[in-house]
Trainee: 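Let me begin by handing over the structure; questions about it come next.
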Amino acid sequence: MPNVPLPSDPRRRARRRRDITLALAFLAPSLLVFAVFVFFPLGQAVFLATRGSDLFGRPTVSVGFGNFAKLLTPEFGGVLLLTLGYVVLVVVPSIVLPLALAVPMAQRLPGMRLFRTAFALPFAYSVAAASVVFSLLYNPGTSVLNWVLESLGGQGRAWLTDPSLALVSVALVTVWMNTGFNLLVLSAALAGRDEEVLEAAVLDGARGPSMLFRITIPLITPSLFFLVVVTTLNALQSFGQIFILTRGGPNGATGVLVYSIYDTAFANNASDFGLASAQGLVLLLVGLALAAIQFGIIERRVHYQ
Amino acid sequence: MSAALRPSRTTAVLTYVLLAVAAAVLLFPVVFTLVGSFLPKSELVSYPPRLTSGAWTTANYEGVVHSVPLLRQYLNSLLVSGLIMVGHLVTATLSAYAFVFLRVPGRRPLFWLFLSTMMIPWEAIVIPNYLLVVSLGLASSYPALVLPFLANGFGTFLMRQAFLRFPSQLRDAATIDGCGHLRFLLTILVPMSKPVLAALAVWAFLSGWNQFLWPLLVSNSSPELYTLQIGINYLRAVDTNQPGQVLAGITLALVPTLLLVLVGQRWLVRGFTAGAVK
């Protein structure tokens with residue numbers, strides 16, 4: 001085989017070495033960032049989680065699994081349950097509401113582009129901007145929200161100070177922020193449906209709900225799956241809205257996992273970096289578990305065209 | 001399109017009613033932000049609020065610009081998000097190029113390593129990162145706000161998906177013409193990948209712009225480092241009885257992201273759905 005260069009061909013070997021050097025040079029910036037700010041801190045989190053802390057929260061002697069034992073309490077179990085409840089309160093409406101708007105908007109009607117742009121506007125709000133605007137809307141003294149409710153014959157509420165309502169109020173802000181992006185993604189998915197499939201379904205007598213649940217939703221499952229995963233992980237990492245609106249209160253009613261990490265590490269009188277790191281590792285595990293469950297259960301039902 | 005898919009008149013009317021009601025509810029906070037930023041305090045703090053009294057004023061804007069270093073915070077946010085955006089584009093393009101077009105020893109495990117960084121929530125490692133930055137003497141500094149976010153597993157994944165779709169005949173033709181890696185990357189691949197680069201740029205800028213927990217920790221004791229997001233929160237905490245000023249500050253802070261959403265939404269969705277869904 002005279003045309004195929006042998007592996008020992010020196011020119012080929014030199015090119016191969018150059019390729020590898022170039023590849024390493026191209027990967028080096030990313031690897032450096034990951035090594036310093038992801039993997040080293042991850043190892044550090046494991047190390048810190050086994051340490052006690054002094055008055056200033058700094059790590060001291062090894063306490064073994066002491067910090068994790070502190071997490072096996074009803075209080076921390078409550079934090080986890082609260083976090084899961086919050087994730088459900090955010091994820092379900094963040095998928096259902098945009099879907100309920102995207103499906104009618106996918107019809108060939110004039111003016112739909114205008115609606116799509118209008119509904120995307122909340123996407124421009126940062127967590128801080130949205131939370132501060134809602135803090136004014138919720139404000140008990142001047143609540144515009146209560147005024148609207150009362151004008152419609154309803155009753156005003158203590159949105160952020162009623163322990164049974166505060167988590168819902170915080171979730172509402174998050175849902176509002178999610179709607180814009182999720183609607184954009186679902187609209188793009190619906191626009192990508194195969195028209196022949198839709199026509200065939202209509203001719204076969206598919207109408208209303210059967211069209212929605214048997215044709216439309218199965219056709220866009222990849223996008224729905226993508227959104228469920230992204231929205232879940234985002235909800236799990238919520239911090240700004242809780243910090244700004246409730247500081248975990250009233251009486252711990254909105255103290256979800258990430259807020260608990262912050263509070264444990266930086267609370268004025270009981271700073272504890274070791275315990276906070278252990279909680280961070282729990283967050284990592286919860287995130288991995290939720291993603292694994294979703295990949296396991298939902299991926300099997302996702303229809304890829 | 002066929003007549004079968006055209007909505008009936010009743011369906012059309014119901015659609016418009018539903019969407020109009022939804023728009024009124026969902027856009028209420030947006031309208032409240034804009035209208036409130038032009039209302040005097042007396043109208044905003046009364047109950048019921050007088051949002052439509054017609055007593056417009058620009059005093060809130062003058063007030064907020066004078067009472068807080070809004071310009072400084074604006075520049076901080078632009079600088080930090082801009083650097084994060086450039087960092088994402090450069091590191092993701094380079095690493096994706098290596099994964100697709102170069103021989104990398106241990107390519108598979110290395111790529112999984114990149115993907116694994118997407119599975120680690122930043123909040124899970126925020127405490128050791130904070131301690132690291134403090135021990136490096138970088139607390140309260142611009143590098144601390146930027147460095148951790150210069151590379152990202154998702155960015156590499158997105159660019160790799162785009163490069164994998166690059167026609168191999170074109171690559172072969174370039175190689176035969178004697179086009180080396182750097183020239184191929186800079187003169188052919190990057191110009192042809194503009195849509196996905198635009199999507200990544202918008203996404204990276206927004207994720208930098210919207211950060212809250214990290215800048216809160218890192219700039220804690222140095223107000224000159226506050227980004228707009230931290231500034232907005234302090235504005236509210238300090239000016240509790242000046243809601244109009246707070247809303248004016250938020251409106252100003254919304255300008256860049258509103259522009260990005262209005263101009264960039266199509267790139268974002270096209271770039272993402274092509275890379276992440278299929």
Side-chain angles (χ1 to χ4, degrees), chain A residues 16 19-20 22-23 26-27 29-30 33-34 37-38 41-42 44-45 48 101 104 107-109 115 118-124 126-129 132-133 135-137 142 144 147 179 184-185 188 195 198-199 202-203 222-223 226 237 239-240 244 258 261 265 273 276-277 280 283-284 287-288, chain B residues 1-2 4-7 12 15 18-19 22-23 26-27 29-30 32-33 45 47-49 91 94-95 97-98 102-105 117 119-121 123-125 127-129 131-132 148 150-151 156 181 209-210 212-213 229 232-233 236 243 246 250 253-254 257-258 261-262 265 269 273 276-277:
Chain A
R16 207 190 145 105
D19 263 28
I20 291 178
L22 193 64
F26 277 13
L27 292 173
S30 301
V33 172
F34 294 155
F37 295 107
V38 178
L42 190 61
Q44 211 40 23
L48 284 170
L101 294 174
Q107 298 173 97
R108 295 280 167 87
L109 285 170
F115 275 114
F119 287 132
L121 291 180
F123 182 40
S126 64
V127 176
V132 171
V133 168
S135 79
L136 292 173
L137 290 175
T142 59
V144 183
W147 171 68
T179 304
L184 284 178
V185 172
E195 280 204 351
L198 298 182
E199 278 172 23
V202 171
L203 292 180
S223 295
F226 168 73
Q237 296 172 48
F239 172 77
I244 291 174
V258 173
I261 294 173
F273 289 127
S277 296
L283 172 69
L284 175 65
L288 289 178
Chain B
M1 80 181 242
S2 82
L5 293 180
R6 201 166 297 147
T15 302
L18 170 79
L19 294 180
L26 282 174
L27 295 186
V30 181
F32 175 72
T33 313
V45 299
Y47 190 88
T91 58
L94 290 180
S95 54
Y97 188 88
L102 291 169
R103 270 176 242 273
V104 183
T117 63
M119 301 305 296
I120 301 168
E123 291 75 8
I125 50 174
I127 301 301
N129 260 305
L131 297 176
L132 173 70
L150 289 182
T156 302
H181 284 296
W209 186 267
N210 290 340
F212 189 77
L213 175 57
Q229 311 309 326
I232 286 173
N233 178 49
R236 181 200 60 129
V246 175
I250 289 176
L254 277 176
T257 45
L258 267 180
V261 167
L262 291 179
Q265 51 165 291
V269 171
T273 45
V277 174

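Convention: sequence-line order gives letters A, B, ...; per-chain numbering from 1. Side chains included, hydrogens not; waters and symmetry mates left out as well; all remaining heavy atoms used. These numbers come from a predicted model, not from an experiment.
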Trainee: Can you name the nearest heavy-atom pair linking B:Leu213 to B:Glu123, along with the distance?
Mentor: CD2-CG, 3.9 Å
Trainee: Which one, B:Val104, B:Leu258, B:Thr117, leads in non-hydrogen pairs under 4.5 Å with chain A?
Mentor: B:Thr117
Trainee: Would you name the heavy atoms of B:Met119 and A:Leu288 that are closest together and state the gap between them?
Mentor: CB-CD2, 3.7 Å
Trainee: Under a 4.5 Å cutoff for heavy-atom pairs, which residue among B:Pro29, B:Ala23, B:Ala22 has the most contacts with chain A?
Mentor: B:Pro29
Trainee: Please state whether the side chain, the backbone, both or neither of B:Pro105 comes within less than 4.5 Å of a heavy atom of chain A.
Mentor: side chain
Trainee: Nearest heavy-atom pair of B:Ala151 and A:Ser30: which atoms, and what distance?
Mentor: CB-CA, 3.7 Å
Trainee: Pick whichever of A:Ala276, A:Pro29, A:Pro104, A:Pro122 has the most heavy-atom pairs under 4.5 Å with chain B.
Mentor: A:Pro104
Trainee: Given a strict heavy-atom distance threshold of 4.5 Å, which part of B:Leu132 is in contact with chain A: side chain, backbone, both, or neither?
Mentor: side chain
Trainee: Sort B:Ala253 into side chain, backbone, both or neither according to what part of it lies under 4.5 angstrom from a heavy atom of chain A.
Mentor: neither
Trainee: Only pairs of heavy atoms separated by less than 4.5 Å count here; which of A:Leu121, A:Val127, A:Val132, A:Val258 has the most with chain B?
Mentor: A:Val132
Trainee: Please look at A:Thr179 and chain B and tell me whether the side chain, the backbone, both or neither of the residue comes under 4.5 angstrom of a heavy atom of that chain.
Mentor: side chain
Trainee: Counting only heavy atoms closer than 4.5 Å, note whether B:Leu262 contacts chain A via side chain, backbone, both or neither.
Mentor: side chain
Trainee: Counting only heavy atoms closer than 4.5 Å, note whether B:Ile232 contacts chain A via side chain, backbone, both or neither.
Mentor: both
Trainee: Counting only heavy atoms closer than 4.5 Å, note whether B:Ile127 contacts chain A via side chain, backbone, both or neither.
Mentor: side chain
Trainee: Count the heavy-atom pairs under 4.5 Å between each of B:Asn210, B:Ile250, B:Asn129 and chain A, then report the option with the highest count.
Mentor: B:Asn129
Trainee: Look at A:Leu184, A:Val38, A:Ile261 and state which one has the largest set of heavy-atom pairs under 4.5 Å with chain B.
Mentor: A:Leu184
Trainee: Is it the case that the side chain of B:Thr257 and the backbone of A:Ala124 share a donor-acceptor pair, with hydrogens and angles ignored and the cut-off at 3.5 Å?
Mentor: yes
Trainee: Looking at chain A, which one of B:Leu150, B:Thr33, B:Thr156 has the largest number of heavy-atom pairs inside 4.5 Å, strictly under?
Mentor: B:Thr33
Trainee: For A:Leu136 and B:Pro243, work out which heavy atoms get closest and say how close.
Mentor: CD2-CB, 3.9 Å
Trainee: As an exercise: rank A:Phe37, A:Phe239, A:Phe119 by heavy-atom pairs under 4.5 Å with chain B and give me the winner.
Mentor: A:Phe37
Trainee: Quick check on A:Phe115 against chain B: is it the side chain, the backbone, both or neither that has a heavy atom closer than 4.5 Å?
Mentor: side chain
Trainee: Check the orientation of B:Tyr97 and A:Phe26. Use parallel for under 30°, tilted for 30 to 60°, and perpendicular for over 60°.
Mentor: perpendicular
